[in-house]
Amino acid sequence: MKQSSPMKTIFDFGMYDASDTLYYLEAGFRVVAVEANPSLLERARSALAPYIASEQLHLIGGAISNDHTDVELTVCGEDSGSSSIYAVRVNGRNPVGTYTVPGITTLDLIEQFGTPYYLKIDLEGADRLAVLSLSARTKPEYLSFEANEDTEELVEHAATIGFTKFKLIHQCSFREISNQNNLADRAARKLVRLLGFAEPQYVRRGGRLFKVAHSSGPAPWCSDGAWCSRDAILARWRRAKSAPMGNAWYDLQAS
């Protein structure tokens, strides 16, 4: 992922274990990473201290919200990355407690740091709060968010404010949906299973390894597959959600 000068900014909403944040930093971007879980923030402050000292990385503690009201984060004991401000999403997944954290709006961050080149959103059910807050004036060059029940509404909003190209990326293979069952990938999965693993833990794309369930994969400008129109991506999403998805999930990318 090549980066041109001057340094451009990426917003990483839902930093989790900082896998994506580190990827963007190593590519030469300035990163504003938002994370609601204080324990994950502390780990990142320690692991990424040199980037913080150089001001290439800005860590923001809090939850993306519509206002500045404090928000309650329910922590998922099965996977801290699945913690959510919507407790119902964590019910049945060993909730282990809550944190009360400040609410932060997308506009707050844009006013402080400027409109980002890329906005990556992974907020466990709260992606819509960030997407719907964008306007034609504040939209980034690239956007990604997790495909969910509200995907069609969010795609329509993105198109309304000026996004014209879209991709749907399978988050277990980092393949564009129309490429996800190609022969090479099927052979690789078969080999992984012969070695005793259920699914690959890492996937190589663009010369780099991405950890499944910890990374959003390659950034939109270098992700797999071709861009398509709003109508085409909505048709692909409707087909995908009508088929058995198992443990699969998708990110919607826009430009």
Side-chain angles (χ1 to χ4, degrees), residues 8-18 20-21 24 30-45 52 55 57-76 79-91 93 95-163 216 251-254:
K8 295 179 181 177
T9 301
I10 290 177
F11 285 2
D12 186 356
F13 285 3
M15 178 187 66
Y16 182 31
D17 64 0
D20 287 330
T21 294
Y24 307 142
R30 180 178 74 153
V31 180
V32 177
V34 179
E35 175 55 51
N37 189 322
S39 64
L40 294 176
L41 275 172
E42 285 307 309
R43 288 184 214 169
R45 285 194 180 101
I52 297 171
E55 299 188 346
L57 171 63
H58 299 266
L59 288 182
I60 309 295
I64 296 298
S65 179
N66 285 326
D67 55 40
H68 303 110
T69 305
D70 285 350
V71 176
E72 187 173 85
L73 176 78
T74 301
V75 179
C76 179
D79 172 19
S80 60
S82 296
S83 303
S84 177
I85 64 172
Y86 301 118
V88 67
R89 291 180 63 93
V90 186
N91 292 343
R93 299 196 64 190
V96 293
T98 62
Y99 289 109
T100 299
V101 300
I104 305 166
T105 72
T106 304
L107 186 57
D108 288 336
L109 298 172
I110 290 174
E111 289 178 345
Q112 183 176 356
F113 298 102
T115 298
Y117 180 65
Y118 171 37
L119 170 55
K120 186 221 86 175
I121 310 170
D122 188 357
L123 296 174
E124 300 304 315
D127 294 36
R128 64 182 288 107
L129 300 180
V131 175
L132 293 179
S133 70
L134 297 173
S135 67
R137 180 181 64 84
T138 61
K139 72 178 180 66
E141 185 76 18
Y142 293 95
L143 170 71
S144 75
F145 57 88
E146 188 171 352
N148 217 315
E149 294 86 354
D150 53 10
T151 294
E152 294 188 35
E153 176 191 4
L154 300 187
V155 168
E156 293 290 359
H157 177 74
T160 297
I161 64 174
F163 288 99
S216 295
D251 271 6
L252 196 295
Q253 298 181 345

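The figures that follow rest on heavy atoms only: side chains count, while hydrogens, waters and symmetry mates do not.
- Side chains of Pro116 and Ile110 form a contact here, defined as non-hydrogen atoms less than 4.5 Å apart.
- To the nearest 0.5 angstrom, Asp17 atom CG is 9.0 Å from Asp79 atom CG.
- For Glu156, the salt bridge (Lys or Arg N to Asp or Glu O under 4.0 Å) test picks out Arg230, with sequence neighbours left out.
- Sorted by first then second residue, the salt bridge (Lys or Arg N to Asp or Glu O under 4.0 Å) pairs that include residues 135-150, not counting sequence neighbours, are Arg128-Asp150.
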| Steps toward side-chain contact (heavy atoms from CB on, under 4.5 Å) verdict (Thr98, Val75) | CA-CA 6 Å; Thr98 62; Val75 179; over 6 Å; no

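- Side-chain atoms of Val96 and Cys76, non-hydrogen and from C-beta on, never get closer than 4.5 Å to each other.
- By the side-chain contact (heavy atoms from CB on, under 4.5 Å) test, Thr151 pairs with Ala147, Val155, Trp237, sequence neighbours left out.
- A salt bridge links Lys120 and Asp20; the closest N-O separation between the charged side-chain nitrogens and carboxylate oxygens is under 4.0 Å.
- Scanning all heavy atoms of the two residues, the minimum distance from Val90 to Pro95 falls at O-CD, 3.7 Å.
- Applying the side chain to side chain donor-acceptor pair (under 3.5 Å) criterion to Asn37, with sequence neighbours excluded, gives Ser39.
- Evaluation of the side chain to side chain donor-acceptor pair (under 3.5 Å) rule for Tyr99 yields no partner, not counting sequence neighbours.
- To the nearest 0.5 Å, atoms CG (Leu143) and CD1 (Ile161) are separated by 7.5 Å.
- In terms of modelled atom types and a separation under 3.5 Å, the side chain of Ser84 and the main chain of Glu124 share a donor-acceptor contact.
- Considering CG of Leu109 and OG1 of Thr115, their distance stands at 11.5 Å, rounded to 0.5 Å.
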| task | Quick one: do Val32 and Thr9 satisfy side-chain contact (heavy atoms from CB on, under 4.5 Å)? Show the steps, please. | result | CA-CA 7 Å; Val32 177; Thr9 301; 4.1 Å; yes

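- The shortest heavy-atom contact between Ile104 and Gly61 is CD1-O, 3.6 Å.
- Under the rule for a side chain to side chain donor-acceptor pair (under 3.5 Å), Asp127 has no partner lying at least two apart in sequence or in another chain.
- Taking the ring pair (Phe, Tyr, Trp, His ring centres under 6.0 Å) definition, one finds that Phe113 meets it with His58, sequence neighbours left out.
- For Ala158, the side-chain contact (heavy atoms from CB on, under 4.5 Å) criterion is met by Phe163, Phe166, not counting sequence neighbours.
- Counting only residues at least two apart or in different chains, side-chain hydrogen bond (donor to acceptor under 3.5 Å, both in side chains) contacts with residues 100-110 comprise His68-Asp108, Thr105-Asp108, Thr106-Ser133.
- Taking the side chain as every heavy atom from C-beta outward, Ser65 and Val71 approach each other to under 4.5 Å.
- Arg93 and Ser82 share a side-chain donor-acceptor pair at under 3.5 Å.
- Within the 4.5 Å cutoff, no side-chain heavy atoms of Glu72 are placed close to those of Ile85.
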| Phe11 vs Tyr118, ring pair (Phe, Tyr, Trp, His ring centres under 6.0 Å): CA-CA, chis, key distance, verdict | CA-CA 6 Å; Phe11 285 2; Tyr118 171 37; over 10 Å; no

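- The heavy-atom pair separating Leu119 from Pro140 by the smallest distance is CB-CG, 3.9 Å.
- The shortest heavy-atom contact between Ala33 and Met15 is CB-SD, 3.8 Å.
- Between Leu57 and Leu59 there is a side-chain heavy-atom pair separated by less than 4.5 Å.
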| query | What's the verdict on side-chain contact (heavy atoms from CB on, under 4.5 Å) for Ser83 and Thr74, showing C-alpha distance, side-chain angles and the deciding distance? | reply | CA-CA 6 Å; Ser83 303; Thr74 301; over 6 Å; no

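- Note that CG of Asp122 is 6.5 Å distant from CG of Asp251, once rounded to the nearest 0.5 Å.
- Partners of Tyr16 according to the ring pair (Phe, Tyr, Trp, His ring centres under 6.0 Å) rule, which considers only residues two or more places apart in sequence or in another chain, are His214.
- Residues Gly62 and Val34 share a closest heavy-atom pair of O-CG1, 3.6 Å.
- A heavy-atom distance below 4.5 Å is found between the side chains of Leu132 and Leu154.
- Atom CG of Leu123 sits about 6.5 Å away from atom CD1 of Ile64, to the nearest 0.5 Å.
- The salt bridge (Lys or Arg N to Asp or Glu O under 4.0 Å) search around Arg45 returns Glu42, not counting sequence neighbours.
- Among residues two or more places apart in sequence or in another chain, the side chain to side chain donor-acceptor pair (under 3.5 Å) test is passed with Thr160 by none.
- A donor-acceptor pair shorter than 3.5 Å can be found between the side chains of Asp12 and Thr21.
- In this structure, a donor-acceptor pair under 3.5 Å is present between the side chains of Ser135 and Thr138.
- Atom CG of Leu129 and atom CD1 of Ile121 lie 9.5 Å apart (nearest 0.5 Å).
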